Number of protein chains: 2
Amino acid sequence: MCDHHHHSGDKKRSGCHCGGGLPVEKFMQPCLLILLKERFAHGYDLIQMLPEFGFTERLDPGSVYRNLRRLEEDGLVTSHWDVGEGGPARRLYSLTDEGEEMLHAWAVHIRQQRKRMDDFLDRYQSLFDIKNQ
Amino acid sequence: MCDHHHHSGDKKRSGCHCGGGLPVEKFMQPCLLILLKERFAHGYDLIQMLPEFGFTERLDPGSVYRNLRRLEEDGLVTSHWDVGEGGPARRLYSLTDEGEEMLHAWAVHIRQQRKRMDDFLDRYQSLFDIKNQ
DNA sequence: AATCGCTATAGGCATAATACATATAGAGGG
DNA sequence: CCCTCTATATGTATTATGCCTATAGCGATT
């Protein structure tokens with residue numbers, strides 16, 4: 001499973017970390033990538049936007065920042081400190097070319113997993129619809 | 001997220017264990033439930049059938065047996081030793097009423113998560129299609 | 001000036017799920 | 001006797017998450 005995006009650098013962590021055996025593990029990562037493809041953003045902004053992807057309102061900020069630093073470790077995003085107008089310093093994130101490639105790989109993967117759910121739901125329907133006849 | 005199936009007994013484990021924050025965590029469990037709704041089966045049979053749900057051919061048997069015992073702990077399936085014609089003893093599993101309820105809850109949940117993936121893919125498409133015009 | 005709340009980032013810790021390897025054991029074939 | 005298939009189960013390392021807490025600047029209110 002998941003033999004895509006084994007391009008340049010799969011360092012450190014072993015195996016594929018874009019979905020594993022579960023339909024969609026780590027769904028937050030592709031959502032962050034797509035948001036950063038649309039525009040540059042700070043972590044805090046991303047936290048505000050993630051509910052658009054079905055994440056609950058009371059999303060754990062810690063998870064978001066952890067995911068962002070993880071994406072940066074993997075070279076999928078870059079950041080630099082933005083000590084602008086006022087307020088605390090913040091990191092401005094942007095997508096790398098490798099991150100965009102990964103986003104395409106994710107899209108393929110998510111399409112596969114959606115199909116998997118379609119199949120499940122079809123089977124579920126046919127199992128319980130027969131009784132209503 | 002996930003406020004269904006809080007019916008009778010949520011003992012031991014805290015929180016909801018039908019999906020968590022991820023789109024579809026523990027996808028194997030609903031697959032086992034649907035298979036056991038269709039017919040009684042041994043663990044070994046279920047391992048043979050799981051590829052129909054998109055699990056890889058070289059599926060880890062340990063995970064399946066662990067999931068089955070977990071489902072039994074939660075009262076969603078029952079089993080009894082089947083010391084039939086020959087070969088090693090095996091457990092015959094069947095779905096409980098509570099397990100069937102859980103299967104319905106899973107179907108609702110999986111429909112929601114499929115929608116989430118639809119939304120993701122729509123957004124992905126619109127992001128990359130504009131460039132081709 | 002002291003406190004409160006919001007912006008903004010980050011680490012600690014317990015829990016949970018998985019992957020991979022390994023253990024056990026009966027039965028049948030070569 | 002060994003090998004393979006059937007059949008179930010455990011051990012362990014890794015990984016991801018959720019919840020809690022820490023830090024810190026800044027503006028508004030009391």
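Per chain, numbering begins at 1; letters A, B, ... match sequence-line order. Quick caveat, the model's predicted, so the values are computed rather than measured.
One interatomic measurement links the two molecules: CD of Glu73(B) to P of dA9(D), which rounds to 12 Å at whole-angstrom precision. Atom P of nucleotide dT7(C) and atom CD1 of Ile47(A) are separated by 11 Å, given to the nearest angstrom. A straight line from OH of Tyr65(A) to P of dG18(D) spans 16 Å, rounded to a whole angstrom. Rounded to an integer number of Å, the gap from CZ of Phe27(A) to C1' of dG18(D) is 19 Å. Nucleotide dA10(C) holds its P atom 9 Å from the CG atom of Leu68(A), rounded to whole Å. Rounded to whole Å, the distance from CG on Leu46(A) to P on dA8(C) is 12 Å. Note: CG (Leu59(B)) to C1' (dT8(D)) measures 14 Å, nearest angstrom. For Arg70(A) and dA10(C), the CZ to C1' distance is 17 Å, given to the nearest whole Å.
Rounded to the nearest 0.5 Å, atoms CE (Met117(B)) and NE2 (His109(A)) are 8.0 Å apart. The distance from atom CG of Leu121(B) to atom CZ of Arg114(B), rounded to the nearest 0.5 Å, is 12.0 Å.
Nucleic acid contact class of Gly43(A) (heavy atoms, under 4.0 Å, all strands): sugar-phosphate only.
In this structure, the nucleotide among dA17(C), dT17(D), dT18(C) sitting nearest to the side chain of Asn67(B) is dT18(C). Comparing dC20(C), dA10(C), dT8(D) by their closest approach to the side chain of Arg91(A) singles out dA10(C). Listed nucleotides dA8(C), dA9(D), dA10(C) differ in distance to Tyr93(A); the shortest reach to its side chain belongs to dA10(C). Closest to the side chain of Tyr44(B), from the set dT6(D), dA9(D), dT9(C), is dT6(D). Out of dA7(D), dT9(C), dT17(D), the shortest distance to the side chain of Trp81(A) is found at dT9(C). With dT9(C), dC20(C), dT17(D) as the choices, the nucleotide that has an atom nearest any side-chain atom of Lys26(A) turns out to be dT17(D). For Arg66(B), the side-chain atoms get nearest to dT10(D) when compared with the rest of dG11(C), dT10(D), dT8(D).
Side-chain atoms of Arg90(B) and base atoms of dG26(C) include no donor and acceptor less than 3.5 Å apart. Contact annotation: side chain of Arg69(A) to base of dG11(C), donor-acceptor pair absent below 3.5 Å.
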Requested in this report: Start with the C-alpha gap between Phe27(A) and Gln113(A), add the side-chain angles, then the distance that decides, and say whether side-chain contact (heavy atoms from CB on, under 4.5 Å) holds.
Outcome: CA-CA 12 Å; Phe27(A) 188 59; Gln113(A) 303 313 325; over 6 Å; no
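Residue-to-nucleotide proximity on DNA chain D shows that, of Gln48(B) and Asp60(A), the 5′-proximal contact is made by Gln48(B).
Looking at Lys115(B) and Asp119(B), a side-chain N of the basic residue comes within less than 4.0 Å of a carboxylate O on the acidic one, giving a salt bridge.
Contact annotation: Ser63(A) reaches the phosphate of dG18(D) (side-chain N/O to OP1 or OP2, under 4.0 Å).
Using a distance-only test at 3.5 Å, with no hydrogens or angles considered, no donor-acceptor pair links the side chain of Ser79(A) to the main chain of Leu92(A).
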